[in-house]
Engineer: 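Structure below; questions to follow.
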Amino acid sequence: MAEVLVVVEAAPGAAESGPTVKKVTFEMLTLARGLGEPAAVVLGAPGTAAAVADRLAEYGAQKVYVAESEDVDRHLVAPKAEVLAALVRQVSPAAVLLAGSQEGKEIAGRVAVKLDNGVLADVSALEADGTATQVIFAGSTIVKSKVTKGIPLATVKPNSVAPQPAPGSPEQVPVDVNLSEVARKVKVLERVAEQKGSRPELTEASTVVAGGRGVGSAENFKVIEEFADLLGAAVGASRAATDSGFYPHQFQIGQTGKTVSPQLYFACGISGAIQHRAGMQTSKTIVAINKDDEAPIFELADFGVVGDLFKVLPQAAEEIRKRK
Amino acid sequence: MKIVVLVKQVPDSGEERTLRSDDKTVDREASTKRMNEMDEHAIEEALKLAETNSGEVTLLTMAPGDATDTIRKALSMGAHKAVHVTDEALHGSCAVQTSRVLAAALGKLEWDLVLCGAEATDGRVQAMPHMLSERLGVGALTGARKVTVENGTVTVERQTDEGYEVVQAETPAIVSVWDTINEPRYPSFKLIMAAKKKPVDTYGLADLEISAEEVGLANATSQVLEFAPKPPRQAGVKITDEGDGGVKLVEFLASEKFV
Ligand SMILES: Cc1cc2nc3c(=O)[nH]c(=O)nc-3n(C[C@H](O)[C@H](O)[C@H](O)COP(=O)(O)OP(=O)(O)OC[C@H]3O[C@@H](n4cnc5c(N)ncnc54)[C@H](O)[C@@H]3O)c2cc1C
Ligand SMILES: Nc1ncnc2c1ncn2[C@@H]1O[C@H](COP(=O)(O)O)[C@@H](O)[C@H]1O
């Protein structure tokens with residue numbers, strides 16, 4: 001069976017433990033099993049593979065290609081694309097999957113040009129014959145598409161596939177890193193983590209409590225945070241809320257923010273514009289709290305409360321505490 | 001400093017959008033046509049950089065012939081001139097082909113910096129600046145929420161999931177921006193009038209020495225096979241808070257085993 005290359009998406013992680021694998025990688029490894037033999041590709045600083053190999057084995061990687069170098073880590077994207085394109089030429093995989101993240105899409109684009117190969121963005125499914133499913137236009141249209149030049153090269157939309165473990169013991173295969181001058185044009189001088197704290201990662205949380213313009217101020221976001229903490233949830237925000245400075249931008253949900261697909265989503269003081277829905281409408285259960293009976297968010301809410309969020313949320317919190 | 005800003009015409013992302021039933025390309029007549037919102041931020045940033053570095057801003061777009069309105073609107077923000085790449089043969093081109101055409105057009109222009117949006121709201125491919133970087137051999141600094149240019153060095157704060165990265169390259173370079181970078185200006189009446197007279201050069205494929213066999217739907221590197229509207233979510237229960245909305249909400253959560 002031909003190999004399917006899965007480019008590992010990792011988060012920096014703590015200094016002691018090193019990088020951690022993002023959930024979308026497990027989703028891609030699960031998807032890859034239907035297409036061929038999943039082979040993970042680690043592109044990063046020395047030590048990355050050692051930190052992530054166990055997790056990749058757990059999710060069915062049959063092989064782990066390891067391309068590690070300081071040069072890969074210290075330059076933006078281009079070195080990763082160069083190494084990946086060389087690997088594709090070398091092993092002729094059945095398909096190449098990358099995360100549907102900023103970096104994944106950028107690497108995919110560069111590889112597409114290098115190999116003169118088509119590229120599909122944000123696929124939610126991929127069949128063995130190369131037919132991909134994409135949900136486009138803010139979730140309104142389902143498309144079946146195909147790469148017609150070259151091999152299936154796709155970025156996979158996070159939260160589209162349920163990750164399933166398939167433990168194995170992959171061999172690690174070192175990959176040479178020979179970079180051109182051009183690949184080293186953009187230097188990464190610094191990486192700054194702004195968020196963190198104790199809440200779960202927004203895109204991976206099983207419950208998300210989001211606030212919009214209706215929350216009214218940065219100060220008032222405490223109401224959202226307290227409710228989230230009671231449920232062990234992540235906190236999100238609409239663009240109106242981040243633009244108004246109520247909440248930091250990296251927590252924005254929607255077309256130009258993050259896409260979330262939790263089991264349970266709370267939209268509090270959010271009207272439900274198309275661009276906001278684009279980032280949350282695949283949530284399993286949606287709860288909306290809004291003063292305006294006509295707010296479009298109610299069209300997709302499984303449970304809607306027409307009311308003031310500053311009354312409804314504290315009362316709900318009290319009731320939950322009572323029941324605990 | 002010479003700056004080129006890439007501007008894409010897209011169907012308004014706040015409206016219903018669809019594909020054409022005949023050839024399954026984006027239906028550009030079904031929704032209001034407008035400039036990709038993110039590109040307005042690229043123009044704004046270009047104008048700011050031009051103001052402090054006595055620069056000149058040229059807009060570059062590849063779009064059907066009827067994009068002139070969008071181009072005039074974009075010019076009314078204050079850019080100096082525009083280049084419109086248009087050719088019947090371009091219809092249905094994929095991202096890889098579009099990058100081939102834009103790279104050829106950029107090859108005919110003089111620039112220190114190319115600015116563009118981080119993504120277009122129609123395809124959301126997010127790859128154009130890196131595709132161009134690959135073709136032109138210059139660095140791409142993408143996803144900027146802040147850009148500074150000093151003595152031929154571009155420094156960018158690149159927005160990431162975790163926070164940001166500081167990335168740097170020499171000019172010439174390509175920079176893409178998110179909408180967090182600035183607040184685009186509203187064109188003044190004077191600028192709107194002036195925009196009507198600004199030069200717009202039109203390039204066809206022949207001007208770029210690209211053959212029709214390299215572009216267009218028939219030669220695209222990916223293709224839409226079929227499409228269908230996604231059934232909308234069904235609304236569930238809606239109650240009005242009469243003093244017990246919070247309790248009722250928790251009853252719902254309990255019935256679904258969330259609490
Ligand atoms: C290119 C583009 C990209 C975009 N990307 C995104 C994106 O990624 N994410 C995003 O969210 N938006 C995005 N938008 C913006 C989007 O169109 C909306 O403007 C935005 O989602 C509105 O946010 P909101 O619902 O918080 O604010 P509003 O639409 O102002 O709604 C506030 C709601 O709060 C309710 N409310 C007020 N007070 C209370 C109270 N005390 N209790 C209960 N309810 C109350 C009101 O009834 C109202 O419905 C984008 C727009 C464009 C053009
Ligand atoms: N046809 C086009 N003409 C001009 N600029 C474009 C075109 N397509 C993409 N771009 C630019 O590339 C950016 C990213 O687009 P995309 O890679 O399609 O998401 C857009 O915001 C535009 O600035």
Engineer: Quick one: of E157(B), E15(B), E165(B), R17(B), who has the most non-hydrogen atom pairs under 4.5 Å with chain A?
Structural biologist: R17(B)
Engineer: Is L19(B) close to chain A through its backbone or its side chain, or both, or neither, when contacts mean heavy atoms under 4.5 Å?
Structural biologist: both
Engineer: For T148(A) and A220(B), indicate whether the former's side chain and the latter's backbone hold a donor-acceptor pair under 3.5 Å.
Structural biologist: yes
Engineer: Closer than 3.5 angstrom, by distance alone: can the side chain of Q250(A) be matched with the main-chain N or O of G163(B) as a donor-acceptor pair?
Structural biologist: no
Engineer: Determine the minimum heavy-atom distance between F258(B) and Q263(A), stating which atoms define it.
Structural biologist: CZ-O, 3.8 Å
Engineer: Given heavy-atom pairs under 4.5 angstrom as the criterion, report whether the side chain, backbone, both or neither of M38(B) touches chain A.
Structural biologist: side chain
Engineer: Would you check if the side chain of E162(B) reaches a backbone N or O of R191(A) as a donor-acceptor pair within less than 3.5 Å?
Structural biologist: no
Engineer: Sub-3.5 Å donor-acceptor pair from the side chain of K144(A) to the main-chain atoms of A228(B), do we have one?
Structural biologist: no
Engineer: Are V305(A) and K248(B) side-chain neighbours, meaning at least one heavy-atom pair lies under 4.5 Å?
Structural biologist: no
Engineer: Taking atom types as modelled, find out whether T142(B) and E106(A) have a side-chain donor-acceptor pair closer than 3.5 angstrom.
Structural biologist: yes
Engineer: Please classify the contact of S99(B) with chain A as side chain, backbone, both or neither, using a heavy-atom distance under 4.5 Å.
Structural biologist: side chain
Engineer: Taking the side chain from Q315(A) and the backbone from G243(B), do they hold a donor-acceptor pair closer than 3.5 Å?
Structural biologist: yes
Engineer: Let's test your reading of the structure: which of T133(A), L300(A), D243(A), T207(A) forms the most heavy-atom pairs below 4.5 Å with chain B?
Structural biologist: L300(A)
Engineer: So which part of Q252(A) gets closer than 4.5 Å to some heavy atom of chain B, the side chain, the backbone, both or neither?
Structural biologist: neither
Engineer: Non-hydrogen atoms of chain B under 4.5 Å away: do they reach the side chain of I107(A), the backbone, both or neither?
Structural biologist: neither
Engineer: Counting only non-hydrogen atoms closer than 4.5 Å, does V96(B) touch chain A with its backbone (N, CA, C, O), its side chain (CB onward), both, or neither?
Structural biologist: side chain
Engineer: Under the ring-ring contact (aromatic ring centres under 6.0 Å, His included) rule, what pairs show up with a residue in residues 217-257 of chain B, not counting sequence neighbours?
Structural biologist: F303(A)-F252(B)
Engineer: Can you confirm whether R145(B) sits close enough to H249(A) that some side-chain heavy atom of one is under 4.5 Å from a side-chain heavy atom of the other?
Structural biologist: no
Engineer: Kindly say whether A301(A) contributes a backbone atom to a donor-acceptor pair with the side chain of K238(B) at under 3.5 angstrom?
Structural biologist: no
Engineer: How would you list, in number order, the residues of residues 114-121 of chain A that have a heavy atom less than 4.5 Å from chain B?
Structural biologist: K114(A), D116(A), N117(A), G118(A), V119(A), L120(A), A121(A)
Engineer: Just give me the residue among V259(B), V247(B), I239(B) that pairs up with chain A most often, heavy atom to heavy atom, under 4.5 Å.
Structural biologist: I239(B)
Engineer: Under 4.5 Å heavy-atom distance to chain B, tell me which part of Q255(A) shows up: side chain, backbone, both or neither.
Structural biologist: both
Engineer: Is S13(B) close to Q275(A) at the side-chain level, that is, under 4.5 Å between some pair of heavy atoms?
Structural biologist: yes
Engineer: Considering only NZ, NE, NH1 and NH2 on the basic side and carboxylate oxygens on the acidic side, decide whether K149(A) and E214(B) come within less than 4.0 Å.
Structural biologist: no
Engineer: Pick one of side chain, backbone, both or neither for V287(A), based on which atoms fall under 4.5 Å of a heavy atom in chain B.
Structural biologist: side chain
Engineer: Keeping K105(A) on the side-chain end and R124(B) on the backbone end, is there a donor-acceptor pair under 3.5 Å?
Structural biologist: yes
Engineer: Flag the one option from I136(A), T131(A), T155(A), I286(A) with the top tally of heavy-atom pairs under 4.5 Å to chain B.
Structural biologist: I286(A)
Engineer: Is it true that atom NZ of K146(B) has more than 12 heavy atoms of other residues, nucleotides or ligands lying nearer than 6.0 Å?
Structural biologist: no
Engineer: Is R239(A) salt-bridged to E37(B), going by a charged N under 4.0 Å from an acidic O?
Structural biologist: no
Engineer: Keeping the roles fixed (side chain from S145(A), backbone from Q223(B)), state whether a donor-acceptor pair exists under 3.5 Å.
Structural biologist: no
